[in-house]
Amino acid sequence: MAVALTEAEIDAGLAALKDWSREGDVLVKTFQFDSYLAGLAFASTVGVIAEGLNHHPDMGIGWRRVTVSFTTHDAGSKLSAKDFAAAKAIDAVGFPS
């Protein structure tokens, strides 16, 4: 079972990420794309990364944008190290934000 992070740990995690924000107990980032299909390709890539990490986000796919949201359900729907590791893995792919 995952452990919820402290406020200090969350602040440190956010400082290490680019353009991710906290909405309550959810880590969120919206990515912008030149086309709808590029956003779909990105969402598929995020799905593959998430499957590999066994930590799956909620995603909202819209016109040329995809919003990715993480929280850890087995940590009481709080933020955990899993959320920040997944965000880092997604950012490492190099998609625009």
Should [X] and [Y] be counted in the same cluster of Ile, Leu, Val, Met, Phe, Trp and Tyr side chains packed under 4.5 Å apart?
{"X": "L40", "Y": "I49", "value": "yes"}
{"X": "W63", "Y": "V46", "value": "yes"}
{"X": "L14", "Y": "V26", "value": "no"}
{"X": "M59", "Y": "V48", "value": "no"}
{"X": "V28", "Y": "L79", "value": "no"}

Say you draw a straight line from [atom1] of [X] to [atom2] of [Y]; how long is it, rounded to the nearest 0.5 Å?
{"X": "K82", "Y": "D74", "atom1": "NZ", "atom2": "CG", "result": "4.0 Å"}
{"X": "K29", "Y": "W20", "atom1": "NZ", "atom2": "CH2", "result": "6.5 Å"}
{"X": "K78", "Y": "T6", "atom1": "NZ", "atom2": "OG1", "result": "13.0 Å"}

Side-chain H-bond candidate by donor/acceptor type, D58 with S69, under 3.5 Å: no

Can you tell me if S77 and T71 form a side-chain donor-acceptor pair at under 3.5 Å? no

Measure across [X] and [Y] and return the closest heavy-atom pair with its distance rounded to 0.1 Å.
{"X": "A50", "Y": "P57", "value": "CB-CD, 3.5 Å"}
{"X": "R64", "Y": "S35", "value": "CG-C, 3.6 Å"}
{"X": "F84", "Y": "G13", "value": "CE2-C, 3.4 Å"}
{"X": "I61", "Y": "A43", "value": "CD1-CB, 3.8 Å"}
{"X": "K88", "Y": "A16", "value": "CE-CB, 4.5 Å"}

Show your reasoning for whether side chain to side chain contact (heavy atoms under 4.5 Å, CB included) applies to V66 and T30. CA-CA 6 Å; V66 176; T30 298; over 6 Å; no

Is it true that a side-chain atom of D83 and a backbone atom of S80 form a donor plus acceptor pair closer than 3.5 Å? yes

Which is it for D25 and F70 under the side chain to side chain contact (heavy atoms under 4.5 Å, CB included) test, yes or no, and what are the steps along the way? CA-CA 9 Å; D25 291 320; F70 283 101; over 6 Å; no

Show, in sequence, the C-alpha distance, side-chain angles and deciding distance for R22 and D11, and conclude whether the salt bridge (Lys or Arg N to Asp or Glu O under 4.0 Å) test is met. CA-CA 9 Å; R22 178 183 185 186; D11 290 343; 5.0 Å; no

Take T72 and H55 through the side chain to side chain contact (heavy atoms under 4.5 Å, CB included) test and state the conclusion after the steps. CA-CA 8 Å; T72 303; H55 191 58; 3.4 Å; yes

Pair F42, I90 - check side chain to side chain contact (heavy atoms under 4.5 Å, CB included), show working. CA-CA 10 Å; F42 168 75; I90 291 166; 4.0 Å; yes

